[in-house]
Each structure stands twice: as C-alpha cells, then as structure tokens.
Amino acid sequence: VTLSVNPPANPASTKVCVGQTVTYQANVTGGSTNYSYVFEQRQLPAGAWGIVYTGPSNIYTTANNLVAGNYEIRVNVTDNVLTCTDNVTSSSFEVVALPVVSLVPSTTSVCVNQPVDFTAAPSGFANYTFNIDNGATIINNGVNNVYSTSSLAVGNHLVYVTVASG
C-alpha cells in the first residue's frame with residue numbers, strides 16, 4: 001500500500017496579512033482511509049519545526065497571531081490500520097505586516113460648501129475606502145488616495161481610511 005499526500009497540503013493563499021490565517025488540506029490516496037495527521041510549522045529561514053496539530057482531521061488552519069515573516073508547513077500522514085507513514089515535502093506562506101497609513105486633511109476648519117481634501121499616505125494601494133462619521137458616508141475611492149468633498153454638514157466629523165493591497 002502506498003500512502004501519499006497530493007501535493008503537500010496547498011493553502012488557498014500563500015500571502016496573508018498579520019492577523020489572518022492560512023488553511024491547509026492534506027489529500028490522501030491509498031491505504032485504509034483511517035488516517036491521523038501531524039502538521040508541523042516553522043518560521044524561515046531556519047526556525048525549528050514545531051508540531052501545531054495532531055489528530056484525525058486532514059485540515060489545519062494556522063493561528064492568527066503569527067508575526068510578519070515567511071513560514072513553512074509540512075504534514076505527516078499515518079495509516080492507523082496499516083501502520084505506515086508518509087512524510088511530505090513542505091509548503092510555504094508569507095505573513096505580511098499591516099500597512100501604516102496616515103490621513104491628513106487639507107484644512108482642519110472649513111465653511112459649509114467649501115472644499116476639503118483628505119489625503120491618505122502612502123499612496124500606491126489598490127483600494128482606498130474613506131469612512132466619514134462611522135459609516136454615515138462610505139466612499140470607495142479605488143486607487144485614488146485623495147478624497148475631496150465640499151458637502152460636509154456643520155459640525156465636527158471623524159474621517160477614517162482603510163486600504164487594501166489588492
């Protein structure tokens with residue numbers, strides 16, 4: 001009986017932001033169908049392998065508290081009836097640090113119907129979403145990192161920006 005994992009538990013995405021997870025699934029062919037799995041993980045370039053899951057599930061989801069860097073996952077599958085084990089090669093993924101974005105208004109005081117620009121820095125993200133007054137107005141601005149308006153009502157306003165890399 002040959003036990004093999006097709007290919008080594010590929011994730012849906014190989015790049016995630018800090019705070020996100022990556023899910024791996026080991027697909028096994030052959031054997032008795034009574035398997036146990038040991039997923040191991042290490043931080044590259046030379047971190048030590050550590051067991052992150054042992055059990056009957058062929059699916060492992062990484063923790064959401066990993067620091068920015070490159071990681072490697074490997075899985076060992078054991079056929080519990082035939083007592084044979086297959087050690088597979090590894091698969092890698094990258095955890096990317098969250099961007100630091102600032103938002104600067106062109107002025108902090110403006111008269112009704114007068115323009116004001118909100119500039120998010122740095123530029124170069126795939127999408128900028130501006131949120132005024134906790135969702136009262138949400139503007140999906142695409143790649144444009146500057147939001148201009150002359151329609152703010154009288155009063156103080158809170159403006160937030162969310163960026164996405166694509």
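For the single chain, residues carry numbers from 1 onward in sequence order.
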Engineer: Starting from V28, can I reach I73 by hopping between I/L/V/M/F/W/Y residues whose side chains sit under 4.5 Å apart?
Structural biologist: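 Yes, same cluster.
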Engineer: Any luck finding a side-chain donor-acceptor pair between N76 and T85 under 3.5 Å?
Structural biologist: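 No donor-acceptor contact under 3.5 Å links the two side chains.
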Engineer: Show me the pairs that pass salt bridge (charged side-chain N to carboxylate O under 4.0 Å, His left out) and involve residues 90-103, at least two apart or across chains.
Structural biologist: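 Sorted result for residues 90-103: K15-E94.
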Engineer: Residues in side-chain contact (heavy atoms from CB on, under 4.5 Å) with N134, at least two apart?
Structural biologist: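 Applying side-chain contact (heavy atoms from CB on, under 4.5 Å) to N134 gives Y160.
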Engineer: Hey, what do you get for CG (D133) to NE2 (H157), rounding to the nearest 0.5 Å?
Structural biologist: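 One gets 5.5 Å once the value is rounded to the nearest 0.5 Å.
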Engineer: On the 0 to 90° scale, with breaks at 30° and 60°, tag the Y128-F130 ring pair as parallel, tilted or perpendicular.
Structural biologist: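 The arrangement is parallel - the two ring planes meet at less than 30°.
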Engineer: If you measure only the distance, is there a donor-acceptor pair under 3.5 Å linking the side chains of T23 and T61?
Structural biologist: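 Note: T23 and T61 side chains meet the donor-acceptor criterion.
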Engineer: Mind checking whether V38 and V77 sit in one hydrophobic cluster, side chains of I, L, V, M, F, W, Y counted as touching below 4.5 Å?
Structural biologist: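 Per the 4.5 Å side-chain linkage, V38 and V77 are not co-clustered.
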Engineer: Minimum heavy-atom separation for A97 to A68, with atom names?
Structural biologist: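 Looks like N-CB, 3.7 Å.
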Engineer: Please name all residues satisfying side-chain contact (heavy atoms from CB on, under 4.5 Å) with N64, sequence neighbours left out, ordered by chain then number.
Structural biologist: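 side-chain contact (heavy atoms from CB on, under 4.5 Å) check on N64 returns T21.
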Engineer: Any link between L158 and I132 through a network of hydrophobic side chains (Ile, Leu, Val, Met, Phe, Trp, Tyr) touching at under 4.5 Å?
Structural biologist: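 Not linked; separate clusters.
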Engineer: Could you note down all residue pairs passing salt bridge (charged side-chain N to carboxylate O under 4.0 Å, His left out) where residues 32-57 supplies at least one of them, sequence neighbours left out?
Structural biologist: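 For residues 32-57: E40-R74, R42-E72.
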Engineer: Between the main-chain N or O of Q43 and the side-chain N or O of N70, is there a donor-acceptor pair closer than 3.5 Å?
Structural biologist: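 Here the side-chain-to-backbone pair does not exist.
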Engineer: Are any of the side-chain heavy atoms of V116 and T149 separated by less than 4.5 Å?
Structural biologist: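 Side-chain contact under 4.5 Å: yes.
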Engineer: How close do S57 and Y37 get, counting heavy atoms only, and between which atoms?
Structural biologist: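 S57 and Y37 have their closest heavy atoms at O-CD1, 3.2 Å.
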Engineer: Looking only at heavy atoms, what is the nearest atom pair of D79 and G31, with distance?
Structural biologist: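 Shortest heavy-atom contact: OD2-CA, 3.2 Å.
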Engineer: Among pairs that include at least one residue of residues 44-81, which meet ring-ring contact (aromatic ring centres under 6.0 Å, His included), considering only residues two or more places apart or in two chains?
Structural biologist: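 ring-ring contact (aromatic ring centres under 6.0 Å, His included) check on residues 44-81 returns F39-Y60, Y71-F93.
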Engineer: Does one side chain, of N127 or N140, offer a donor that lies under 3.5 Å from an acceptor on the other?
Structural biologist: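 Their side chains do contain a donor-acceptor pair, which is all the 3.5 Å distance test asks for.
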Engineer: Give the C-alpha distance, both sets of side-chain angles, the deciding distance and a yes or no for side chain to side chain contact (heavy atoms under 4.5 Å, CB included) between Q41 and I51.
Structural biologist: CA-CA 6 Å; Q41 178 177 297; I51 295 174; over 6 Å; no
Engineer: Could you tell me whether a side-chain N or O of N58 sits under 3.5 Å from a main-chain N or O of A26, the two making a donor and an acceptor?
Structural biologist: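 Checked: pair present.
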Engineer: Considering non-hydrogen atoms only, spot the tightest contact between A120 and N145 and give its length.
Structural biologist: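 Taking every non-hydrogen atom into account, O-ND2, 2.7 Å.
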Engineer: After noting the C-alpha distance and the side-chain angles of I139 and T129, does the key distance pass the side chain to side chain contact (heavy atoms under 4.5 Å, CB included) rule?
Structural biologist: CA-CA 6 Å; I139 297 90; T129 302; over 6 Å; no
Engineer: Show me the donor-acceptor pairs within less than 3.5 Å that the side chains of residues 98-115 make with the rest of the protein, sequence neighbours left out.
Structural biologist:
| from | atom 1 | to | atom 2 | distance (Å) |
| --- | --- | --- | --- | --- |
| S106 | OG | D117 | N | 2.9 |
| T107 | OG1 | S109 | N | 3.4 |
| T107 | OG1 | S109 | O | 3.0 |

